[in-house]
Amino acid sequence: MTVRTRFAPSPTGYLHIGGVRTALFNWLYAKKHGGQFILRIDDTDAERNRPEALQPILDGFQWLGITWDEGPGIGGPHGPYFQAERGNLYRDAAMKLLESGHAYPCYMTKDEIDVLRKQAESAKQSYVHRGKDRTLSPVDAVRLFKEKPASIRLKVPENRTVVIDDQISGKVEVQTNTINDPVILRSDGSALYNFATVVDDIALKITHIIRAKEHLSNTPPQVLIYEAMGVPPPVFAHVPVVNAPNSNKKLSKRDAHKFVTPEVIALLRAVHAVPADWTDEQIKKNETLNPVMVEFYRVMGYLPEGLINYLGRLGWSLDDKTEIMPLETMIANFGFDRVNQSPASFDPQKLLWVAGEYAKSAPLERKIDGVIPILQRAGLVGATPDRDRIAKVVTACGDRLKIFADVLNYAAFFFRDPQYDPKAVKQRLHKDGMPEALREFAEVLKSTEPFDVPTLEAKLHAFSEAKQIKGGDLNHALRVASTGVMVGPGVFECLVIFGKKETLRRIEAAFTLPHA
RNA sequence: GCCUCCAUCGUCUAGGGGCCUAGGACAUAGCCCUCUCACGGCUAAGACAGGGGUUCAAAUCCCCUUGGAGGUACCA
């Protein structure tokens, strides 16, 4: 039997980090066993879903390389893959359960149920719903339902223990006496999640249900539905949830705005991810550009493999020391035995480190491609950028580029005039004797040939030795004069990229800077 | 309230009775490298929630307490 796993996102317009991690585990498990990964769209909740909100989710998966074997865009033998289009299947399944005596139409009103619930509460007992119509014979139930439609509830068997052999949580036992007769079909004929998901998982021949731990308590009623439908339940694996950074609270969409800190806002503005005239409040309200969503990392220039690697290691481990591993290793070794039982906090700092590790080994062309849109958004290069020059800049930046947005921190001055940092000017450029030394060294630069790193380096050494000044000081002054800031790639690398003429122009311009 | 699940450094984790005076990684601090920053190297600090058992031996098994999470919907 081939392994079939699935992920069922709601089309909400954005892809949540926690959801991606769950999807990834499903995908890894399917890949590892040569099976299929299915994407099913959970769009039954009409109020919450907007049809146009599906594309960003598909785009997110595509960016990450999480491919699906059946689902939106490609179809498959068990479609449709949109739950909203499967309503009749749910109704048919519910009718079958009615006919087989596993379900009943519940004619009790909300008020009646409330009275019972209150009674139970005042007696300090928990209320477990058992509709009074559950004793109807199947024939009567069907007849009655046809005459007078109502919600349909599953008949939960009495005095039994439902055992779930969860691949991650272990054996979980629940007494049926604590489970309400769940509504499986609303009085308007639409299906409830617990029912729709089981009907679909059966139809799609899902063999392994890998989902977030929060669904563990949904599982016993679902197992009962499988039973009522006469189908053996699939294997369950409930993955612990992803918590917010440094927190023991679930990373949720609801709290997403909390992660849009002043630093994040500054970051988003820096990479021009949001229109310049947006207020902080508007940025906070934006749902997609938020550190809880994958789109944020795409915009900031994270390598998708890095995100995958990080997410794969969140709640799962290969061994006692491996942090960075190629996807093939992850696929070859993924298993429930090494998935943790407790929640894991999402750590943006560690993600950044992982991203940096991937950036180190990324091919130059990839980095150029990654950096261009960011430079374009910042208005630093045009529609047809000079790839050769960007290649030089990216090479000069080296390991400093952990994410592509870093290009703005380290290399913006290559694409515009220096913006002089007052502190740098004061400390480095206007240090005692430096302006004079720099002026003399500029003369040396004029005659420097070839204008390359070794020659420049040798000239500076010779000059500072002859003038009895610290090479470092001259170096710093040269950096500030030509780049405006204290940090960046090696000075000589910068000068070579500028070229002699531009270098001299920048130094000359720096002499006009006022003293503090 | 009731039901279910969870509990090792700030964070991600290794650990499934003796290899543990608890290992690795991120972050933090210091030193080294160095023209700055980043990278790299070295070092430091930092955890078995508490209490009972079981055992010659417990981070590891059992129980209780505490803490946390999720559920308890004609939400998903």
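Chain letters run A, B, ... following the sequence lines, proteins first and then strands; every chain starts at 1. All values below come from the heavy atoms of this structure, side chains included, with hydrogens, waters and symmetry mates left out.
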Asks: Taking atom types as they are modelled, would you say the side chain of A:E323 forms a donor-acceptor pair with the base of B:G24 within the 3.5 Å cutoff?
Replies: yes
Asks: If you check the A:S187 side chain, which of B:G10, B:U4, B:C74 turns out closest?
Replies: B:C74
Asks: Is it true that A:E357 and A:K360 have a side-chain N and a carboxylate O under 4.0 angstrom from each other?
Replies: yes
Asks: Taking all atoms of both residues into account, what is the closest heavy-atom pair of A:R160 and A:E227, and its distance?
Replies: NH1-OE1, 2.8 Å
Asks: Does the ring of A:H215 lie flat against the base of B:A76, closer than 5.5 Å centre to centre with planes under 30°?
Replies: yes
Asks: Got more than 12 heavy atoms from elsewhere within 6.0 Å of CG, A:D319?
Replies: yes
Asks: Looking across every strand, which nucleic acid part, if any, lies under 4.0 Å from A:K110 by heavy atom: base, sugar-phosphate, or nothing?
Replies: nothing
Asks: Walk along nucleotides 26-44 of chain B from 5' to 3' and tag each nucleotide B, S or - by protein heavy-atom contact under 4.0 Å, base first, then sugar-phosphate.
Replies: SS-------BBBSSS----
Asks: So if I define the base as every atom that isn't primed, P, OP1 or OP2, how would nucleotides 13-22 of chain B read as a B/S/- string at a heavy-atom cutoff under 4.0 Å?
Replies: SSS-------
Asks: Ring centroids only, cut at 6.0 angstrom: are A:Y302 and A:F296 within range, meaning strictly under it?
Replies: no
Asks: Looking only at heavy atoms, what is the nearest atom pair of A:F404 and A:R366, with distance?
Replies: CZ-O, 3.9 Å
Asks: Checking base pairs now: Watson-Crick or wobble, both atom distances under 3.5 Å. What partners B:A14?
Replies: none
Asks: Is it the case that over 12 heavy atoms from other parts of the model lie below 6.0 angstrom from the NZ atom of A:K431?
Replies: no
Asks: Using a 4.0 Å heavy-atom cut-off across all strands, classify A:R117 as base, sugar-phosphate, or nothing.
Replies: sugar-phosphate
Asks: Which residue pairs pass the side chain to side chain donor-acceptor pair (under 3.5 Å) test when at least one of the two sits in residues 451-465 of chain A, sequence neighbours left out?
Replies: A:D452-A:T455
Asks: Just compare B:G10, B:C6, B:C3 and give me whichever is closest to any side-chain atom of A:T178.
Replies: B:C3
Asks: In the structure shown, which nucleotide is the Watson-Crick or G-U wobble counterpart of B:A69, with both distances under 3.5 Å?
Replies: B:U4
Asks: Answer with base, sugar-phosphate or nothing: what part of the nucleic acid does A:E173 contact at a heavy-atom distance below 4.0 Å?
Replies: sugar-phosphate
